[in-house]
Structures are given as C-alpha cells and as structure tokens.
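Here's the structure, in structure tokens; my notes come after.
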Amino acid sequence: MKISYNWLKEYVELSLSPEKLAEALSLVGLEVEEVIEKRLDIPGIVVGKVLKTEKHPNADKLTLCTVTIGESSELHIICGAPNVAEGQTVPVAMVGSKLPNGMKIRKAKIRGVESEGMICSEEELGLSDHSEGIWVLPDGLELGKPLAQALEFETDYVFDIGVTPNRPDALSHIGVAREVAAIEGKPLQLPEPDFTELKESVENLVQVEILCPEGCPRYAARLIRNVKIGPSPTWMVRRLEAVGLRSINNVVDITNYVLMETGHPLHAFDFKYINGGKIIVRESKEGESFTTLDEKEHTLPEGTVLICDAERPVAIGGIMGGLNSEVTSTTTEVLLESAYFNPEFIRRSNRVLGIHSEAAQRFARGADPNGVLYAQARATQLLVELCEGEVYAGVVDNYPRKIYPVEIELEPERINTLIGVDLSVQKMSELLNKIGLKVQNGKVIVPTFRPDITQTADIAEEVARLYGYDNIPLPENTALPYQAWQNEFDDFIEEIKTILSDAGYQEVITNSMINSQQWEEWTGEKIYPILNPISRDMDGLRNTLIPSLLGVLQWNVNRQMREQLAVFEINTVFHHPGDIHQQPTELIQLGLAITGLREGDGWYSNRQLFDFYDIKGIVEYLADKIFLDNIQFIPYDGFAVEYQALEMKSGTESLGYLGKLKKSLQKKFDLENPVFVAEINLRKVFELVQRERRYREIPRYPRVERDLAIVVDRIVEVQQLLDEIREKGGEYLTSAYVFDIYTGEQIDKTKKSVAFRLFFQSTERTLTENEVNAFTDRILNSLEKKFGARLRS
Amino acid sequence: MKEEIKSVQLQLEEDLQSVADEKALKELRIRFLGRKGLITNLFRKLGEVPKEERPLFGKMLNELRQRAEDAISEKRSRFGEKAPTDWIDLTLPGRKPIVARKHPLTQVREEIKQIFAQMGFSVAEGPEVETDYYNFEALNIPKLHPARDMQDTLYISEELVLRTHTSPVQIRTMEKQKPPIRIIAPGRVYRRDTPDASHSPFFHQVEGLCVDKNISLGDLKAVLSVFAQKMFGQDARVRFRPSFFPFTEPSAEMDLWWQTPKGGEWLEIMGCGMVHPNVLEGVGIDSRVYSGYAFGMGIDRIAMLKFGITDIRLLYDNDMRFLQQF
C-alpha cells in the first residue's frame, strides 16, 4: 500500500520527519518497506514549448526539436520519444542539470547533430516507475519557470507499506493516519462531508433489493444528476499519482480518491444504463458469464454476488463493475454504490476469477460495514464540488444483516501475563483508546473497521504494540522442565556426519525434487509426483540419493576438479505408497560416492584409482566406529550397482548396498573414471547399533601367533575361509585376518594363495605349542576337506 | 688482532658457501679448526695481546670457533657419513588425510541446535510431505484464508502438500506431548518459487516452540535475543516489531542490525509470536492455563549472513571450491 506523507497531513498533524515516521510505523506493525521521494525542485528543470519538430537526418527514431524556454534564444534538442509534437508544453532539462537517476545533462552530439538539453518523461524526473513517452504538461504555464514552481509541486514522500493480511484498516490514508495519530499523540481529524441535497428523494427513483444478504449484508445507493465529466483538478491527479493510480476522469478519480482516503471501495454506475432504476443483488447461477469493464468476459463460479438491474447483471459485487454500465464521457446521472460484501464470498469467487482489483483486495480482507455511508457521503461531496453534480435527497440504504461492534471482556491479568508486563487497566484503556478501541464497563468495544480483533490475544497484541515491543522487559531466567528428552537419532546423524567428514568425505546437500521420468527409468520404481511442479526437472520426489550424488560428481568433474572426489549426503528419500492420497514413506538415507585417485595427485600419491575396497572399507569403518556389529555382506545386483556389489544385511533385514556403479549410469553422468557408491538406511542402522559397552579383561598371558598360507581355487571367497577358520579355531582363537593374497607365476593359474594370521590366547594361562598346533591342524584339515585347500610350501 | 679475527671470520663464511661435499667439508674443518688451523692459530696469538684486551678478543675468538663448529656440524648433517639415507627435503608438503567438512548448512544447523539445547530445547521432527490439516488448518489457516496466498504451495493432491514451513511440527509435537514443551524442529521446506539469487524452491528452517504456564512475549524476546548474541556475537542488536502470522497472536518479526561499511540496516531474521489460542485449543491445550511462544527462521538465510554468501544457489551447487571454504 502506497501512502503519501503530504496526504496524511490532511488528517493528522505531523511532527516527525518522513524517515522517523517510517521507522515509527514499522515499529507499530505497519512495515515501511521503502520511502520514495517525489520532488520536482531539481535545478535546471524548466517549462518549455516545442516550436518545431523535424526528422533526425541520421536516425529514424529521433526527432530534432526546436524548443523555446521563454527567452529570445531557442534550444535545439534531440528527442527519442514517439509522442513528441509541435505545440506541446514540456519539461526541459537544461545543460548542466542532473536528473534524479544520476544522469547529467551535457551538450552532446547525437548521431552527428548537437543536442542542447533533454525533454523529460515523468519516469526520468522520478515521479513514476514507468513512462510511455515524454511528459506533456498542461498549456498556459509560464515558459522558463522552474518546473516545480510552475506546477506548484510540493515535494512528497511516499511510504510503501507491506500491510499484513490482518490489517485491512491500514489500506487507506485515514487508517494509517489513525496509527500516526497514536504515535504522535495527536487527534485524528476526519473530513466532515457537507453538501446540499435536492428536494426530490432518491427513493422515488432507485430501489435496492438484496436477495443474498449473507453475501451482501449492506447496499447503499445515492443518485447524483447533472454531473459534468471532465479532467480532475491537479491536486487530485497529483495525489492519485503519488499512490500509483492514473487519472481517468473526475468521476472515476473521485471513487478512487475516496477509496485511497477511507479504504472503502465505491462504484459509480451510469444511471441511464440501470434498467428500471432497480438494483437487485443476487448470487450467480451455474454457468453464468459476465463482461467486466476491462472488456474481459468471465464465467462466474456459482454463488458469486452479482449486482443486477431489472434485467441483467451490471457488476460483480465487490470485485469489478461491468462494461455495460460504466461511466463514460456521456454520463450525466451517476448511481453511486457503497456496499459491504462478505469476505468469504469474495475470496471464494475470486479464487476462480483471479481479478486483482483494489476493491476485491479490500473486500476479501474485510472492509468496514459501518463505513459505507461515510465513504459514500465523502464521494458525493466531491461529486458536487468537482463535477457540479446535484444530489437527490437521501440514501437508499438496505442493511438486512446489521453488523455490530464486537465486545470483548478486558482481561488485564491475562494480557499482562501474555506480554510479560504489569500495566494498569487505566494504562491499557489509554493505549486502546488511541486507535479507537473504547473500554467501557470492563469491556473493549471493537469498531467494525478492525475485523481482525476477536479475542483477548488480539487485544493483547494491540496493547503490546502500542506500548512498544521494545519496552517489554526481558526476564533474566526461565523455568526449565526437568524432563527434557533428547533426540538420540538426531545426535546420531550428527555423529555420522562427523565420522565421514573426518574420514575425508565432503558433505553435500542436494535437491529432493527430481525429473520423475528419468528417475523412473533409472530406478524402475514409481516416483511420488508433484501436482503443480515448477518444471519437468522438479516434478517428483526422489526415491534414492545416488543420482543426486552422481550429479554432484559430474558438476565438479566438469569444473576441472577431477583428481579425487569423495562425497556423502544424509537426507530424506520418498517411496510411493501406491496411492497419491497417502503420504509417502520417508526414509533417512546415507549416500556415498567416490571417483578418481585414491591418494589424490600429490607427490606421494601412488596414482591408483578408487576401487571396490575403498567403498567397502568406508562402510566397514563407519560400522566399526558406531559399534554396528553382526552385519553380513552378500552379493547383490541393484539399479545402481552390479558385479562388484554387496548388500549389507543384519539377519534378514536389508540395511543398504554398496559397489561399483553400473557403466550405463557412469556414462549418463559423463564420468570418466569408475565410480563406487553406497546407500544405507540410517534409521535401521540406528536401531541396530550396540550402545551398551562392558569392560572385558585385557589378557595377562601372552598370545601365540600362527601364519597359515594356503592355496585354493581362485573363486573361493575369503569370507567362507575365515568363517571356517573361526568355527574350527576353538575358544582360544581371538583374532584371524588375511594379510596377503597372491596370484602369479609361482602357483597354478586357477589358484590363489591366501595367507592368514591367527592369534590364540587364553585369559587363564599361557597356551602350549602343542595345544595351538592341535587347533591349526584341525583348521587345515577342515579347509582341505571343504575347499580343497593345500598348505603352501 | 681485531682485523685478523674479522678476516678469518669472513673467509670462513666464504668457504662455507662453496663446500659441496663431505671431502671439502673435512678440508675446511682442518683449515680452520685443525692443529695448524686459522682459528687455532689465532688462539695461540692471544697470549701476545695486552692483558686488558685479552678477555674481549677471547670472547670474539670463542664465538668464532663456535660458529665454525656449528656450521660444520650443520653441513655434515646434510652430507655427512650417515646423511645419504637421512637427508630429506623438509619443504615438501606432508602426507595428510583428505580434508573434508560438513556442509555449511549443517554447520549452522548444529550451531543453532546447540544454542537452543543449552536453553532446554530438544529436536523434534515431522514429515516433509504434510497433510493440508497440519500445514494449514491446524495452524489457524483455513481454506480461502488470505494468508494462504503468502506462500506459494507445491501440492501432491488436494489434501497433501510439500510442507511450506516447519510449523506443522508444532502441532505434531503438541498432539503427542503435554506441556511443558520446549522443542526446535529443523528441516527442509518447499515453496513454488523459481530459483534465483535469493530464492530456492527448497530451503531449510528451524521452528521453535515453548508451551508452559506463564510464558510471555518477554520470554520470547529473551530467548531470541540470547540466540542472536550467541549466533552473531555479544554485540548483536535485535529489535522486535509487530507482524502477522495466523498461528501466533501477538506476532512479531525479529530484525537484526547489520553493520556495513556504508552504515547499516535492519534485516528481517525471523518471524515469531505467542501461540494463537485457536492453535492451542485445537490440540486440546487450555489456553487459559497455558501459553507459549513459537518462532521460525531460515537456516539458509542465517548461513548466508554468517558467511557472506550472496547467492542461495551456491549452497546447492555443491561445488567443492565453495564447500571447502567452510
């Protein structure tokens, strides 16, 4: 909402400067987003007259103008605006002047012809945001006079206020002035409409019938005759311009002016088009259509409030007037509508219609049903003063559903508790009174222009903001509940992030909205769709993190960071429940992806690429760090990985997978080096983590070490051998691991040598050689039997 | 005598420069420190100088001998007898593990979590795909309410939305837990915004909620002022001004004073207010007995302010040259 500082002065005495007032308004809840300076007292801008125009010899779109500024000499000015013409009075920026946008006017050659100044548009002079051409001034101004003086232009400041949806009352100058009066501690002074009426009563000429009192609780009509349509006076044009409205003619301007003054939308009908002198307010029927004054035809949703005459609709109530009855230059008799429409009805209709008129915006938020007559009288007064109108006596005021001010019990204790202050009833009453809320007999009487105030919390807000949020003291301490529970899962996620980033994996965060067609193709799973996506690339919710991570690898490889990339993300994935009317299954997943050189490309790097054991290693490392015991890896094929791939399991529960990325995906993302990925369900892992720790005695007796090198077929898996060793190793086998794998010249091509290191230890005594030998023999026998293993010689 | 010492000193420094191998070092040692070495000879001559000057020259000579010994042993460590295996180029960079970090948004999230944990808040969660009820209705935003226009919503169906804020977690928490309640709810939210430097269709918020007896707007101011100081430094200045949210009444906006070289300005940091009685009653909490405050802030915005990031898209490009700066 744009509010003019000069205009405000009509209703309240201002002592604060525009800047100070802007800040003060923000602090009472009317946030001033910008203060726009409107001034014309710019040195070197004067009134001029275009004497002659001719085409620029070297440029089609430029005009050479001969301009007089009242002295004997003439200026030659080149102008690019299409609307420049001989005989126009125009603002001229002389050489040496400086425009508000910072542009300095110099004598300059434009396409070979000299220009001695500039003819300005309103935009160039900082008066409007956009101009179509130069500003053509009214004739008769004194040539050569500084523009501001010639136009009697008073410098103004326009506040752009971000009015919150709960404050329809602040969508007008009087509404804002009420807040200013409270800030300044001065009275609010409202204009008192005053005009003489004809003897003849309006009631003989106009009838108003409301068939839908719920949608339109009040409709008031006045009739004004002998109206002279013409331009509005300068002061009114200026004020409308200041708040961003264009002058159309005096009648339309008056309704707009009163709208900006009081906040109440009005509509002027050309009475000669109102058949039968009848206004009938009814709800629209299904399929009814209507053409609004902007020449657009609308199919109306059922139940839209329609203003009709005896025969047909003439306006969409509270939203926009009709083309068939609008005021034009031939209008002489005006039916002036001032009504109140139910916000719910306006919102419901306009949700379909989507007409963003000033009227619709205000009625949707809530106008003042009891401000109807005031706004109408104010406009009538102006119609008399500015259009020489004659007013029929009286108003046809149909008000079938009377709306009364709300009364709310004043609860000082609750209000003080809610705000954290200790104000007396008298102090509260004083504060509320400043903005028109009277306290009587322990009750707050809320005027109907504040439909947002319905209960004690609302009263508390008024008290708090008028007292000043800044004045509310800060308590020094607070009572903390003893039983605060902590979110262990959230802490667990943080811990995982710490472990992985410490291990050299960079955390990334990516978009959860993805191209569902692509992802369905990749994952072979139905993607949970978004109904109104921003674009096709964000039309569904992802079901896996892996392609997102591949995207990150690609981004960085394309930017020459290809040596070594190791990333992870922990985020939500969504699984389609089969029915879009159900919420998806949301899982917190960990995704990992690596590609490039394991040791980077520094001087000590062995220049080996990441391989399968790196991704397996980081997963095992993570499991060890968080005490995730008893997990198994089994061969796996998935949408992302194959051949070198494992599923991670605990019992029958699948926790995730890891392995080498499929060639097809690697190619899709243009990744040159092999990529290895893993994806793990963290909620499941969290539930399996062993949190209890118990001390086990550190053995006091020496351990016995045995190395066992055996030769087996190449395809025998080490895990099977280790399982067998552990089973046959007996109670004293405390540890067994592979310390060497050999294939090559010294053994058969189909074989490999695997070397195990075993440790035997007792907590009670030193083991003898013979005892240990018995175990190793048993192991060897078993390996020989089951896997055809031979001791390597 | 003085000149002689000086000249030997100069010669020593000069010869040290040209020593290239162990043999030359050995020769140099003999030349200066050997039995007939230059320095040794000077010591012999010390007896010839007057008594009173002896301490001075003695001191000078001792220093010279020390310098020669030090320089020789330093050189020897480079190509001495054991050197060929020991010598390494100390200027090469060390073998270090890969340096990686948490995403800046995670760092800020964790910092926020910790600050509020110290004030008794624990973390609560809710789904990202929400029902219309939790995202709007229960927060006092009925259908057709003008406040729905404030946020452009991404829908799944008529009744399901991608949550536009973390506020639904307030409702889910109050349904499960009776006062006293003190929670924060960090998480991802969505808006139907086309991406540009200051908009992303998804971003992150932290919701806060405290419900108990006698909770006031003053408490809200206190908690958030402390937060601002811990997040932005002891000197952080904040102000509160009235605002509007359908689910709080009174409502406020917290601004942070942001000092710039040209002056400074108030920046909107978060929306907050006292939980609306309709919201409390909706989850069965008696608004005549209990009151509470709620607040919500953008993690992305805080991170951008804290680190001086000017384009929100940088947070989601995941360019290593960006991520490794934090």
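Model, not experiment: these values are computed from the prediction.
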So with a 6.0 Å cut-off around CD of B/E268, is the heavy-atom count from everything else above 12?
-> yes
Heavy-atom distance under 4.5 Å to chain A: side chain of B/I183, backbone, both or neither?
-> side chain
Residues B/K102 and A/E495 bridged, charged N to O under 4.0 Å = no
Not counting sequence neighbours, which residues clear ring pair (Phe, Tyr, Trp, His ring centres under 6.0 Å) with A/F492? List them please.
-> A/F686
Please test A/L541 against B/E128 for side-chain contact (heavy atoms from CB on, under 4.5 Å), starting from the C-alpha separation and ending with a verdict.
-> CA-CA 10 Å; A/L541 292 172; B/E128 291 178 23; over 6 Å; no
Segment of B/R182 engaging chain A (4.5 angstrom heavy-atom cut-off) = side chain
For residues A/L474 and B/A222, report the shortest heavy-atom separation together with the two atoms involved.
-> CD2-N, 3.6 Å
Based on non-hydrogen pairs under 4.5 Å, which of B/L315, B/V99, B/D193, B/D212 is most in contact with chain A?
-> B/D193
Any Lys/Arg nitrogen of B/K113 or A/D490 sitting under 4.0 Å from an Asp/Glu carboxylate oxygen of the other?
-> yes
Heavy-atom proximity to chain B below 4.5 Å, by part of A/V508 | both
Using non-hydrogen atoms and a 4.5 Å limit, figure out which bit of A/P533 sits close to chain B: side chain, backbone, both or neither.
-> backbone
State whether a side-chain donor-acceptor pair under 3.5 Å links A/Q486 with B/S122.
-> no
Evaluation steps, salt bridge (charged side-chain N to carboxylate O under 4.0 Å, His left out), between A/E411 and B/R288 | CA-CA 11 Å; A/E411 300 177 280; B/R288 298 195 153 263; 2.9 Å; yes
Are B/R321 and A/N556 close enough that some pair of their side-chain heavy atoms sits under 4.5 Å apart?
-> no
Does the side chain of B/S291 come within less than 4.5 Å of A/L418's, by heavy atoms?
-> yes
Is the side chain of A/Q583 donor-acceptor paired with the backbone N or O of B/V129 at a distance under 3.5 Å, no angle test?
-> yes
So, do B/F202 and A/M513 sit near enough that their side-chain heavy atoms are less than 4.5 Å apart?
-> yes
Identify which part of B/Q177 has an atom lying under 4.5 Å from any heavy atom of chain A, answering side chain, backbone, both or neither.
-> side chain
Stepwise side-chain contact (heavy atoms from CB on, under 4.5 Å) test for B/L160 and A/Q582 = CA-CA 8 Å; B/L160 291 175; A/Q582 273 176 33; 5.6 Å; no
For the residue pair A/K497 and B/T106, what are the closest heavy atoms and their distance?
-> NZ-OG1, 3.4 Å
Let me know if B/D255 has heavy atoms under 4.5 Å from chain A in its side chain, its backbone, both or neither.
-> neither
What do you reckon, is CD of B/E281 surrounded by more than 12 foreign heavy atoms closer than 6.0 Å?
-> yes
Hey, does B/W266 have a side-chain heavy atom less than 4.5 Å from the side chain of A/S26?
-> no
Do you know the tightest heavy-atom contact between B/K96 and A/Y604?
-> N-OH, 3.4 Å
Would one find more than 12 heavy atoms of other residues, nucleotides or ligands at under 6.0 Å from atom NZ of B/K178?
-> yes
Which bit of B/L220 comes within less than 4.5 Å of chain A, counting heavy atoms only: side chain, backbone, both or neither?
-> neither
Provide the closest heavy-atom pair for A/P475 versus B/D219 in the form atom of the first, atom of the second, distance.
-> CG-OD1, 3.2 Å
Can a donor-acceptor pair be found between the side chains of A/Q506 and B/N318 at a distance below 3.5 Å?
-> no
Residue B/A252 versus chain A: region with a heavy atom under 4.5 Å = both
Reported CD1-to-CG distance for the pair A/I509 and B/D300, which is rounded to 0.5 angstrom | 8.5 Å
Got more than 12 heavy atoms from elsewhere within 6.0 Å of CD, A/Q560?
-> no
Decide yes or no on side-chain contact (heavy atoms from CB on, under 4.5 Å) for B/Y155 and A/I530, but give the supporting numbers first.
-> CA-CA 6 Å; B/Y155 284 90; A/I530 296 170; over 6 Å; no
Would you mind checking if A/E23 and B/R239 are paired as a salt bridge, meaning a charged N to carboxylate O distance below 4.0 Å?
-> yes
Chain A contact via B/P201 - side chain, backbone, both or neither, heavy atoms under 4.5 Å | both
Quick one: what part of B/F121 sits under 4.5 Å from any heavy atom of chain A, side chain, backbone, both or neither?
-> neither
A/A566 portion near chain B, given a 4.5 angstrom heavy-atom threshold = neither
Identify which part of B/S200 has an atom lying under 4.5 Å from any heavy atom of chain A, answering side chain, backbone, both or neither.
-> neither
Between A/Q455 and B/S287, is a side-chain contact (heavy atoms from CB on, under 4.5 Å) present by the stated rule, with each step listed?
-> CA-CA 12 Å; A/Q455 49 182 297; B/S287 66; over 6 Å; no
Check whether A/N571 gets within reach of chain B through its side chain, its backbone, both or neither, counting any heavy atom under 4.5 Å.
-> side chain
Residues in ring pair (Phe, Tyr, Trp, His ring centres under 6.0 Å) with A/Y528, at least two apart?
-> A/H576
Smallest separation among heavy atoms of B/R192 and A/I534, with atom names = CG-CG1, 3.9 Å
CD1 of B/I98 to CG of A/L565: how many Å apart, nearest 0.5 Å?
-> 9.5 Å
Heavy-atom distances under 4.5 Å only: say whether B/M274 touches chain A with side chain, backbone, both or neither.
-> side chain
Side chain to side chain contact (heavy atoms under 4.5 Å, CB included) test vs A/N532 passes for just one of B/L154, B/T153, B/D152, namely B/L154
Side chain, backbone, both or neither: which part of B/S243 has a non-hydrogen atom closer than 4.5 Å to chain A?
-> both
Below 4.5 Å from any heavy atom of chain A, which atoms of B/I156 appear? Answer side chain, backbone, both or neither.
-> both
Side chain, backbone, both or neither: which part of B/E159 has a non-hydrogen atom closer than 4.5 Å to chain A?
-> neither
Which atoms of B/P179 approach chain A - backbone, side chain, both or neither, heavy atom under 4.5 Å = neither
Is a side-chain N or O of B/E249 found less than 3.5 angstrom from the main chain of A/E461, in a donor-acceptor match?
-> no
When rounded to the nearest 0.5 angstrom, what distance separates CG in A/L27 from CZ in B/R241?
-> 8.0 Å
Close side-chain approach of B/L323 to A/E507, heavy-atom, < 4.5 Å = no
Any idea which heavy atoms bring B/S157 and A/I580 closest together, and the distance?
-> OG-O, 3.7 Å
Could you tell me whether the side chain of B/R109 reaches within less than 4.5 Å of the side chain of A/E494, counting heavy atoms only?
-> yes
By a 4.5 Å heavy-atom criterion (distance strictly below it), what part of A/R351 contacts chain B: side chain, backbone, both, or neither?
-> side chain
Would you say B/R95 and A/W603 make side-chain contact, with heavy atoms under 4.5 Å?
-> yes
Looking just at side-chain N and O atoms, do A/S512 and B/R188 make a donor-acceptor pair shorter than 3.5 Å?
-> yes
Is it the case that A/W555 and B/D317 place a side-chain donor and acceptor less than 3.5 Å from each other?
-> no
